[in-house]
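A short worksheet on the structure shown next.
All residue numbers refer to positions in the sequence shown, counting from 1.
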Amino acid sequence: MAIATASEYKTYAGISGTTYDARLAVILPGMQKEMERVCNRVFDYQDDALDQLDGCDSDTIVLRNVPVSV
């Protein structure tokens, strides 16, 4: 799932109609890939199985996938 749909972007940018839909279908996924490359992480929602983590008596746990929702 993309982090922004064409419909969401069009609402944000104040674009109505379908004139730019074909361009947005190419540009938005490309921009997401570039953001993921620069940030070195994947932004797509993933429905991963719950990980079992052991904090090993530490106050910090480093997660493999973020963000986390409960």
Minimal non-hydrogen separation, Met35 against Ile3, with atom names: CE-CD1, 3.3 Å
Tell me the closest heavy-atom pair linking Pro29 and Leu24, and the distance in Å.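 So the minimum-distance heavy-atom pair works out to CD-O, 3.8 Å.
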Is Val26 reachable from Tyr9 through a run of I, L, V, M, F, W or Y residues, each pair having side-chain heavy atoms under 4.5 Å apart? no
Rounded distance [0.5 Å steps], OG1 in Thr19 versus NZ in Lys10: 8.0 Å
For Ile27, which fellow cluster members are found when Ile, Leu, Val, Met, Phe, Trp and Tyr are connected by side-chain heavy-atom distances below 4.5 angstrom, either directly or through intermediates?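 Once heavy-atom contacts under 4.5 Å are chained together, Ile27 belongs with Met31.
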For the backbone of Asp21 and the side chain of Thr18, can you confirm whether one donor and one acceptor N or O come within less than 3.5 Å of each other? no
